[in-house]
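Shown next, in structure tokens, is the structure this report addresses.
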Amino acid sequence: MTVGIPISRLWPDPAAEPLDDAALTALYRRADHPHLRVNFVASVDGAVTVDGYSAGLSGEPDKRVFGLLRMLCDALVVAAGTLRHEGYQAVRLSPRRRAWRREHGLAEYPTLVVVSGSLDLDPGQAAFADAPVRPVVLTHARATAPPGLVDVADVVPVGDDRVDLAAGLAELRRRGLGQVLCEGGPQLFGALTGTDLVDEVCLTVAPLLAGPGPGRITAGAAAAVRHLSLRHVLATTDGVLMLRYARA
Ligand SMILES: NC(=O)c1ccc[n+]([C@@H]2O[C@H](COP(=O)([O-])OP(=O)(O)OC[C@H]3O[C@@H](n4cnc5c(N)ncnc54)[C@H](OP(=O)(O)O)[C@@H]3O)[C@@H](O)[C@H]2O)c1
């Protein structure tokens, strides 16, 4: 791919030379066991959005890693709130990234997985209607699917009256989707933290102050503190930090 703003490693083993895609792929490599990775971008003062969207925080290097993480996962999990608000499109990968997946024995595209308690979802949204792989919707037994949703997605109840996220992850693993990337949003991240399901957090810090107003990357009920250990720090020449933390 055409590489724009260089990304280099600050820690461990600082190296000034830019990381190419092969080096980035190695740094974010797939785990050899079932694994849940969460990816977010935030401002220096902790905002999850600028003007209501994550786009104001993200730049070319963040998008590059965002795409790379999609290439590396089996399932791409997103909360219904983020899917609706950000107008998720069908998952697309470049021919080069699809070729990488084939060479590594993976399906050509990851499976989109949507978490929704209400099933207030539009089957006509491109994320469903144009999906290259039939998406999965994790919900609970009391939710009623809107007309057309079961035509474009597997609607899977996990839990009687709320989405049991641990059971949902077990269902994904049963389907052979062991490497899971969660792209948010904050309520889902908060619930995953509360149930201690988060194995890794990739956090891009955008060099700006968003000021008061926007929420944080996590939301919902209070949860026990979880300890993480730092795995790497990458930086771009325009001041973006890319941090990778995993379970301590
Ligand atoms: N900076 C970033 O990297 C980033 C990443 C993602 C999102 N965002 C931003 O975050 C905002 C969206 O946040 P949000 O408050 O809507 O939170 P969210 O977590 O994206 O979505 C909340 C909704 O998702 C479903 N959901 C989440 N967790 C659930 C659980 N444990 N069980 C059942 N359903 C669950 C529910 O959908 P139903 O209502 O269908 O039941 C819930 O109403 C947007 O502004 C977006 O731009 C930023």
Side-chain angles (χ1 to χ4, degrees), residues 36-59 61-67 69-70 76-89 112-123 125 127-128 135-146 149 153 155-172 180-198 200-208 210 213-223 240-245:
L36 174 65
R37 166 184 280 168
V38 177
N39 185 37
F40 270 97
V41 59
S43 65
V44 170
D45 53 353
V48 70
T49 54
V50 168
D51 295 331
Y53 293 92
S54 57
L57 294 163
S58 182
D62 178 59
K63 290 192 177 79
R64 186 174 160 209
V65 170
F66 181 91
L69 298 187
R70 285 186 164 194
L76 172 56
V77 175
V78 64
T82 292
L83 179 98
R84 289 186 291 255
H85 184 79
E86 297 263 349
Y88 259 54
Q89 300 294 308
L112 178 71
V113 178
V114 179
V115 178
S116 173
S118 71
L119 288 184
D120 177 16
L121 299 170
D122 175 8
Q125 183 170 345
F128 295 115
V136 172
V137 177
L138 297 177
T139 189
H140 55 77
R142 292 208 184 149
T144 305
L149 187 62
V155 179
V156 182
V158 282
D160 295 334
D161 53 8
R162 60 172 191 88
V163 181
D164 180 334
L165 293 170
L169 275 184
E171 169 64 19
L172 297 184
V180 178
L181 170 66
C182 176
E183 294 183 353
Q187 291 186 44
L188 180 56
F189 184 29
L192 290 167
T193 302
T195 42
D196 197 16
L197 292 171
V198 177
E200 178 180 329
V201 178
C202 296
L203 177 65
T204 296
V205 180
L208 52 87
R216 291 171 55 201
I217 61 172
T218 191
V240 173
L241 283 182
M242 289 171 171
L243 312 170
R244 188 168 87 86
Y245 291 92

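Counting starts at 1 for both ligands and their atoms, following the listed order.
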- Task: Without swapping roles, check the side chain of Arg37 against the backbone of Leu69 for a donor-acceptor pair under 3.5 Å.
- Result: no
- ligand 1 contact by Ala42, heavy-atom criterion under 4.0 angstrom: no
- Query: Which atoms of ligand 1 are found less than 4.0 Å from any heavy atom of Phe40?
  - Reply: 2 (C), 3 (O), 4 (C), 5 (C), 6 (C)
- Query: Can you check whether Tyr53 has an N/O within less than 3.5 Å of an N/O in ligand 1?
  - Reply: no
- How far apart are the closest heavy atoms of Ala210 and Ala47, and which atoms are they? CB-CB, 3.4 Å
- Check: Val48 N/O within less than 3.5 Å of ligand 1 N/O: yes
- What residue and atom, counting heavy atoms only, is the protein's closest point to atom 7 (C) of ligand 1, and at what distance? Thr82 OG1, 3.1 Å
- Message: With rounding to the nearest 0.5 angstrom, report the CG to CG distance, Leu188 to Leu165.
- Response: 6.0 Å
- Message: Main chain of Thr139, side chain of Ser116: is a donor-acceptor contact present, judged purely on distance under 3.5 Å?
- Response: no
- Message: Checking a contact table here: which protein heavy atom is nearest atom 9 (C) of ligand 1, and how many Å away?
- Response: Thr49 CG2, 3.8 Å
- When rounded to the nearest 0.5 Å, the distance separating NE2 of His140 from CG of Asp164 is 11.5 Å
- Message: Just verifying a value: how many Å separate Thr144 OG1 and Leu149 CG, rounded to the nearest 0.5 Å?
- Response: 11.5 Å
- Query: To the nearest 0.1 Å, how far is atom 45 (O) of ligand 1 from its closest protein heavy atom, and which atom is that?
  - Reply: Gly52 O, 3.2 Å
- Under 3.5 Å: donor-acceptor pair, side chain of Gln89, backbone of Gly87: yes
- Message: What protein heavy atom lies closest to atom 38 (P) of ligand 1? Include the residue and the distance to one decimal.
- Response: Ser118 OG, 3.3 Å
- Under 3.5 Å: donor-acceptor pair, side chain of Glu171, backbone of Val156: no
- Say whether Leu188, considering both its backbone and side-chain N or O atoms, lies within less than 3.5 Å of an N or O atom on ligand 1. yes
- Top protein contact for atom 29 (C) of ligand 1, by heavy-atom distance: Val115 CG1, 3.9 Å
- re atom 34 (N) of ligand 1, the protein heavy-atom contact at minimum distance is Gly117 N, 3.4 Å
- Task: May I ask which of Val41, Val137, Thr204 has a heavy atom nearer to atom 3 (O) of ligand 1 than the others do?
- Result: Val41
- Rounded to the nearest 0.5 Å, how far apart are CZ of Arg142 and CG of Leu119? 14.0 Å
- Message: Looking at non-hydrogen atoms alone, which of Glu183, Glu86, Arg162 comes nearest to atom 5 (C) of ligand 1?
- Response: Glu183
- Task: Specify the protein heavy atom at minimum distance from atom 18 (P) of ligand 1: its residue, its atom name, and the distance to 0.1 Å.
- Result: Ala79 CB, 3.6 Å
- Query: Does a donor on one side chain sit under 3.5 Å from an acceptor on the other, for Glu183 and Thr82?
  - Reply: no
- Message: Can you check which of Gly185, Gly159, Gly81, Ala206 brings a heavy atom nearest to atom 16 (O) of ligand 1?
- Response: Gly81
- Message: Counting only heavy atoms, tell me which of Leu203, Val78, Val163 gets closest to atom 32 (N) of ligand 1.
- Response: Val163
- Query: Who's the nearest protein heavy-atom neighbour of atom 44 (C) of ligand 1, and how far?
  - Reply: His85 CD2, 3.4 Å
- Query: Going from CZ on Phe40 to SG on Cys182, what distance comes out if it is rounded to the nearest 0.5 angstrom?
  - Reply: 6.0 Å
- Message: Please work out, at 4.0 Å between heavy atoms, whether the side chain, the backbone, both, or neither of Gln187 comes within that distance of ligand 1.
- Response: both
- Value for CG (Leu57) from CG (Leu208), rounded to nearest 0.5 Å, stands at 6.0 Å
- Run down the list Pro186, Ser116, Ser58, Gly194 and name the one with the heavy atom closest to atom 10 (O) of ligand 1. Pro186
- Message: With the threshold set at under 4.0 angstrom, would you say Arg84 reaches ligand 1 through any of its heavy atoms?
- Response: yes
- Query: Are any of the N/O atoms in Ile217 less than 3.5 Å from those in ligand 1?
  - Reply: no
- Within-4.5 Å side-chain heavy-atom neighbours: Phe128 and Leu83: yes
- Atoms of ligand 1 under 4.0 Å from any heavy atom of Leu165, numbered from 1 in the order shown, are 31 (N)
- Message: Please give me the minimum heavy-atom distance between Cys202 and Arg244, naming the atom from each residue.
- Response: SG-CG, 4.0 Å
- Ala191 to ligand 1: N or O pair under 3.5 Å? no
- Query: With atoms numbered from 1 as shown, which atoms in ligand 1 lie under 4.0 angstrom from a non-hydrogen atom of Ser54?
  - Reply: 1 (N), 2 (C), 4 (C), 47 (O), 48 (C)
- What about Ala80: any of its N or O atoms under 3.5 Å from an N or O on ligand 1? yes
- Taking every heavy atom of Ala153 against every heavy atom of Val137, the minimum-distance pair comes out as CB-CG2, 4.0 Å
